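Please read the structure below before turning to the comments.
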Amino acid sequence: MSGWDAYITALEAYPDVAKAAIHGFPDGGLWATSAGFNVAEAKILCDRLGNPGAFAGQKVVAGGVGYMALNCNTDQVVGKQGPNNIVAVKSGKALIVCQGTEGMNAGSTLDAAFKMAADLSSKGF
């Protein structure tokens with residue numbers, strides 16, 4: 001267990017986060033993730049946050065699942081597929097990806113990711 005696993009546990013403690021992952025930004029390298037949550041597309045999410053216009057009209061893909069892009073800009077990527085949602089935000093050096101499932105509020109999933117980004121930024125990440 002790495003020290004980063006504690007951050008995943010903290011994200012999963014939010015009632016509207018089912019799974020989470022933290023990757024390096026902008027390289028997308030994996031730092032920690034929930035069991036069974038493989039965001040192989042992390043580098044693409046980093047690129048999307050860096051240049052959202054280049055991805056206009058494209059689905060948000062995370063964990064092999066395509067989500068309808070709802071709000072994608074340089075601060076956040078938000079997608080929805082049926083009852084599930086995906087959010088990705090960045091801190092200075094980290095990409096935080098959170099997934100919400102049926103019955104979870106997407107806005108609260110996004111809020112949890114932003115709070116983690118702020119915490120990591122305050123620690124130099």
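Worth saying up front: this structure is predicted, and the values here are computed from it rather than measured.
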Using distance alone, with no hydrogens and no angle criterion, decide if S34 and E12 have a side-chain donor and acceptor under 3.5 Å apart.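 Per modelled atom types, S34 and E12 side chains form a pair under 3.5 Å.
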
Measure the spacing between [atom1] of [X] and [atom2] of [Y] and express it to the nearest 0.5 Å.
{"X": "T74", "Y": "R48", "atom1": "OG1", "atom2": "CZ", "answer": "13.0 Å"}
{"X": "E41", "Y": "I86", "atom1": "CD", "atom2": "CD1", "answer": "9.0 Å"}
{"X": "T109", "Y": "K80", "atom1": "OG1", "atom2": "NZ", "answer": "9.0 Å"}
{"X": "F114", "Y": "S91", "atom1": "CZ", "atom2": "OG", "answer": "11.5 Å"}
{"X": "I22", "Y": "I8", "atom1": "CD1", "atom2": "CD1", "answer": "4.0 Å"}
{"X": "D16", "Y": "N85", "atom1": "CG", "atom2": "CG", "answer": "8.5 Å"}

Quick check on the hydrophobic clustering: are [X] and [Y] connected, directly or via other members, by side-chain heavy-atom contacts under 4.5 Å?
{"X": "F25", "Y": "L120", "answer": "no"}
{"X": "L45", "Y": "Y67", "answer": "yes"}
{"X": "V60", "Y": "V78", "answer": "no"}
{"X": "L95", "Y": "L11", "answer": "no"}
{"X": "V39", "Y": "M104", "answer": "no"}

More than 12 foreign heavy atoms under 6.0 Å from NZ of K43: is that the case here?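 For K43, atom NZ is crowded (more than 12 foreign heavy atoms under 6.0 Å).
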
Between [X] and [Y], is any pair of side-chain heavy atoms under 4.5 Å apart?
{"X": "V87", "Y": "V97", "result": "no"}
{"X": "Q99", "Y": "F37", "result": "yes"}
{"X": "Y14", "Y": "M116", "result": "no"}
{"X": "L110", "Y": "V89", "result": "yes"}
{"X": "L49", "Y": "V77", "result": "yes"}
{"X": "M68", "Y": "L70", "result": "yes"}

Looking only at heavy atoms, which two atoms of [X] and [Y] are closest? And how far apart?
{"X": "P26", "Y": "C46", "answer": "O-CB, 3.5 Å"}
{"X": "A69", "Y": "C72", "answer": "CB-SG, 3.8 Å"}
{"X": "A42", "Y": "H23", "answer": "CB-ND1, 3.4 Å"}

So D47 and F55, side chain to side chain contact (heavy atoms under 4.5 Å, CB included) or not? Walk me through it. CA-CA 9 Å; D47 293 345; F55 295 87; 4.0 Å; yes

Test side chain to side chain contact (heavy atoms under 4.5 Å, CB included) applied to I96 and K90, step by step: CA-CA 6 Å; I96 298 94; K90 63 181 177 177; over 6 Å; no

Ion pair check, D111 and K115, cut-off under 4.0 Å: yes

Check the angle between the aromatic planes of F125 and W4 and answer parallel, tilted or perpendicular using the 30° and 60° thresholds. perpendicular

